[in-house]
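Note that ligands are numbered from 1 as they come in the structure, with each ligand's atoms numbered from 1 the same way. Sequential numbering from 1 along the given sequence is applied to the chain's residues. Heavy-atom basis, side chains included; hydrogens, waters and symmetry copies ignored.
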Amino acid sequence: MELVNHLNDRLLFAVPKKGRLQQACLDLLTGSDIQFHRHNRLDIALVKNLPLALVFLPAADIPTFVGEGRVDLGITGRDQVAEHEAIVPPTATTGVEEIMDLEFGKCKLQVQVPEHGEIQTPEQLVGKNIVTSFTNLSEKYFRQLEQKASQEDGADATAKLRTRIKFVGGSVEAACALGVADGIVDLVESGETMRAAGLKAIDTVVESTAVLISSKHPSDPKLVNLIATRIRGVITAQKYVLCVYNVERKNLAVAETITPGRRAPTITGLEDKDWVSVSAMVARKELATIMDQLSEIGATDIFATKLENTRTS
Ligand SMILES: Nc1ncnc2c1ncn2[C@@H]1O[C@H](COP(=O)(O)OP(=O)(O)OP(=O)(O)O)[C@@H](O)[C@H]1O
Ligand SMILES: O=P(O)(O)OC[C@H]1O[C@H](OP(=O)(O)OP(=O)(O)O)[C@H](O)[C@@H]1O
């Protein structure tokens with residue numbers, strides 16, 4: 001109870017309490033120097049060095065709490081935000097703002113059917129049984145399909161949904177084999193779960209990554225901005241490395257096309273007038289190719305350094 005009394009003047013930031021997104025979120029908080037100690041089994045942790053408190057919640061509930069407005073910031077999947085925003089009719093909690101794509105937790109919410117069954121297209125699922133954990137998005141998806149079909153055959157476009165959408169909380173992929181569903185709407189990352197269950201994807205409802213979201217009117221917009229800037233700094237640091245090398249002055253123009261940097265490379269003169277030292281930020285995923293190209297033009301002493309943190313614009 002005492003902890004709750006400390007929350008009044010603090011911005012509340014919701015992070016997943018378990019599951020696929022949790023570890024990457026905790027790493028982002030560490031990289032952003034958001035220091036906290038979470039007591040065993042407590043879902044609220046006060047941040048030591050900022051007027052902030054972390055609230056550990058199920059990823060699926062975070063858009064609701066942020067939408068309510070009492071929790072100012074949150075990290076969850078875009079799929080969960082889309083599911084919350086698809087509530088019909090919209091409620092007082094819909095309308096959260098996406099601040100930033102966090103570029104992890106990549107997956108797709110897909111319509112899946114038995115690999116060798118009769119159903120090959122989403123249209124064939126109209127009027128059939130669907131099992132999912134994403135009932136709002138599935139209803140929206142099949143409503144659009146049904147409306148499209150009814151416009152084509154001249155039927156009533158406002159008719160009740162004919163496709164039956166049933167909620168299950170997990171192991172959605174088992175529903176077809178158990179005879180409960182003709183198709184499912186479930187998340188796919190590697191596709192292993194889908195293939196192991198003898199299913200195939202026939203359409204994508206939402207492509208998802210983790211996102212930073214905020215309420216419509218956060219209590220302290222300046223602090224929201226500070227946290228967003230820090231998180232952006234960590235993500236950029238993860239994406240780039242600093243590449244440093246020496247190159248003959250006559251090859252500098254080519255070198256600059258290989259490593260143009262974010263704004264421009266830094267060029268430093270060396271004691272040997274014919275040579276310069278170059279440093280530039282390089283996308284981590286392109287590093288090996290860039291180092292090969294630099295070697296080819298005779299660059300030497302090529303180093304790549306991990307970035308601990310960044311502030312870029
Ligand atoms: N296989 C996956 N690959 C990548 N991201 C995923 C995957 N499954 C889920 N996610 C992302 O992680 C979010 C949370 O899913 P996760 O299953 O980890 O939650 P959870 O809170 O443990 O829920 P549950 O108890 O229902 O499994 C999803 O909304 C999605 O954005
Ligand atoms: O494409 P893949 O890499 O196989 O991942 C997809 C699986 O991951 C999620 O389930 P999770 O493992 O979280 O378990 P759940 O069924 O209890 O939700 C999702 O619901 C799929 O079943």
Side-chain angles (χ1 to χ4, degrees), residues 13-29 38 41-45 54-67 71 73-87 93-94 96-115 129-141 165-178 180-214 231 235 238:
F13 186 177
V15 290
K17 67 181 287 181
K18 63 182 176 73
R20 311 252 182 181
L21 303 180
Q22 196 196 29
Q23 192 52 50
C25 285
L26 295 179
D27 294 345
L28 267 190
L29 297 178
R38 185 180 175 191
R41 303 207 54 78
L42 250 187
D43 286 336
I44 298 177
L54 301 177
V55 199
F56 294 88
L57 298 171
D61 294 336
I62 289 177
T64 307
F65 280 97
V66 174
V71 175
L73 270 178
I75 295 180
T76 187
R78 185 178 287 111
D79 53 339
Q80 299 294 357
V81 178
E83 170 68 5
H84 176 256
E85 297 292 301
I87 298 172
T93 75
T94 47
V96 300
E97 314 265 353
E98 181 178 321
I99 303 185
M100 199 189 309
D101 186 338
L102 301 174
E103 303 180 31
F104 62 85
K106 208 169 176 173
C107 56
K108 292 178 182 176
L109 183 66
Q110 295 193 304
V111 182
Q112 300 166 38
V113 292
E115 209 175 350
N129 291 311
I130 306 296
V131 162
T132 185
S133 304
F134 292 81
T135 50
N136 298 327
L137 282 172
S138 299
E139 278 182 32
K140 187 174 165 190
Y141 176 89
I165 315 279
K166 283 185 225 162
F167 173 84
V168 297
S171 302
V172 183
E173 65 281 357
C176 291
L178 294 174
V180 190
D182 300 295
I184 64 166
V185 176
D186 194 17
L187 294 172
V188 178
E189 184 200 7
S190 64
E192 268 177 51
T193 307
M194 178 173 72
R195 283 190 291 275
L199 300 170
K200 66 176 177 189
I202 53 170
D203 201 4
T204 297
V205 179
V206 167
E207 296 206 14
S208 185
T209 43
V211 287
L212 178 67
I213 55 171
S214 84
I231 289 177
I235 292 173
Q238 288 165 351

Answer with side chain, backbone, both or neither: which part of [X] has a heavy atom less than 4.0 angstrom from an atom of ligand 1?
| X | value |
| --- | --- |
| Cys107 | side chain |
| Arg20 | both |
| Lys106 | backbone |

Nearest to [atom], what protein heavy atom do you find, and at what distance?
| atom | answer |
| --- | --- |
| atom 20 (O) of ligand 2 | Asp186 OD1, 3.0 Å |
| atom 20 (P) of ligand 1 | Lys18 NZ, 3.5 Å |
| atom 19 (O) of ligand 1 | Gly19 CA, 4.5 Å |
| atom 14 (C) of ligand 1 | Ala59 CB, 3.9 Å |
| atom 12 (O) of ligand 1 | Leu21 CG, 3.4 Å |
| atom 18 (O) of ligand 2 | Gly170 CA, 4.2 Å |
| atom 9 (C) of ligand 1 | Leu187 CD1, 3.4 Å |
| atom 2 (P) of ligand 2 | Ser190 OG, 3.4 Å |
| atom 21 (C) of ligand 2 | Leu187 O, 3.4 Å |
| atom 15 (P) of ligand 2 | Ser171 N, 3.9 Å |
| atom 4 (O) of ligand 2 | Thr193 OG1, 2.5 Å |

Heavy-atom check, side chain of [X] versus side chain of [Y], under 4.5 Å:
| X | Y | answer |
| --- | --- | --- |
| Leu57 | Phe65 | yes |
| Asn136 | His84 | no |
| Glu189 | Arg20 | yes |

Roughly how far apart are [X] [atom1] and [Y] [atom2], rounded to 0.5 Å?
| X | Y | atom1 | atom2 | answer |
| --- | --- | --- | --- | --- |
| Arg195 | Thr193 | CZ | OG1 | 9.0 Å |
| Ile87 | Leu137 | CD1 | CG | 10.0 Å |
| Glu97 | Leu212 | CD | CG | 11.5 Å |
| Thr135 | Ile130 | OG1 | CD1 | 12.5 Å |
| Phe56 | Ile62 | CZ | CD1 | 10.0 Å |
| Leu73 | Ile99 | CG | CD1 | 5.0 Å |

Salt-bridge contact Asp79-Lys108 (side-chain N to carboxylate O under 4.0 Å)
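Result for this pair is no, no salt bridge flagged.
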Would you mind listing which atoms of ligand 1 come within a distance below 4.0 Å of any non-hydrogen atom of [X]?
| X | value |
| --- | --- |
| Gly105 | 5 (N) |
| Gly169 | 26 (O) |
| Gly77 | 31 (O) |

[X] side chain to [Y] backbone, donor-acceptor under 3.5 Å:
| X | Y | result |
| --- | --- | --- |
| Gln112 | Asp186 | yes |
| Thr209 | Lys106 | no |
| Asp182 | Asn129 | yes |

So, 4.0 Å and heavy atoms of Pro58: is ligand 1 close enough to count as a contact?
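Under 4.0 Å: no for Pro58.
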So, 4.0 Å and heavy atoms of Gly170: is ligand 1 close enough to count as a contact?
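Outside the 4.0 Å threshold, so no.
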side-chain contact (heavy atoms from CB on, under 4.5 Å) for Ile75 and Phe13? Distances and angles first, verdict last.
CA-CA 8 Å; Ile75 295 180; Phe13 186 177; 3.7 Å; yes
Scan the protein's non-hydrogen atoms and note whether one is under 4.0 Å from atom 13 (O) of ligand 2.
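Answer yes: something from the protein, a heavy atom, is under 4.0 Å.
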Please indicate, with yes or no, if any protein heavy atom is found under 4.0 Å from atom 3 (N) of ligand 1?
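It does; a protein heavy atom is within 4.0 Å.
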So is Met194 polar-close to ligand 2, meaning N/O to N/O under 3.5 Å?
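For ligand 2, there is no N or O atom that lies under 3.5 Å from one belonging to Met194.
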Part of Glu173 within contact of ligand 2 (heavy atoms, under 4.0 Å):
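Side chain only; the backbone of Glu173 stays clear of ligand 2.
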Is there a polar contact between ligand 1 and Asp79, counting only N or O atoms under 3.5 Å apart?
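In this structure, Asp79 places an N or O atom under 3.5 Å from an N or O of ligand 1.
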Only heavy atoms count here, so choose which of Arg20, Arg195, Gln110 is nearest to atom 9 (C) of ligand 2.
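Comparing heavy atoms across Arg20, Arg195, Gln110, the nearest one to atom 9 (C) of ligand 2 lies in Arg20.
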Checking side chain to side chain contact (heavy atoms under 4.5 Å, CB included) between Tyr141 and each of Val111, Leu109, Val206, which is the one that passes?
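Of the listed residues Val111, Leu109, Val206, the side chain to side chain contact (heavy atoms under 4.5 Å, CB included) partner of Tyr141 is Val111.
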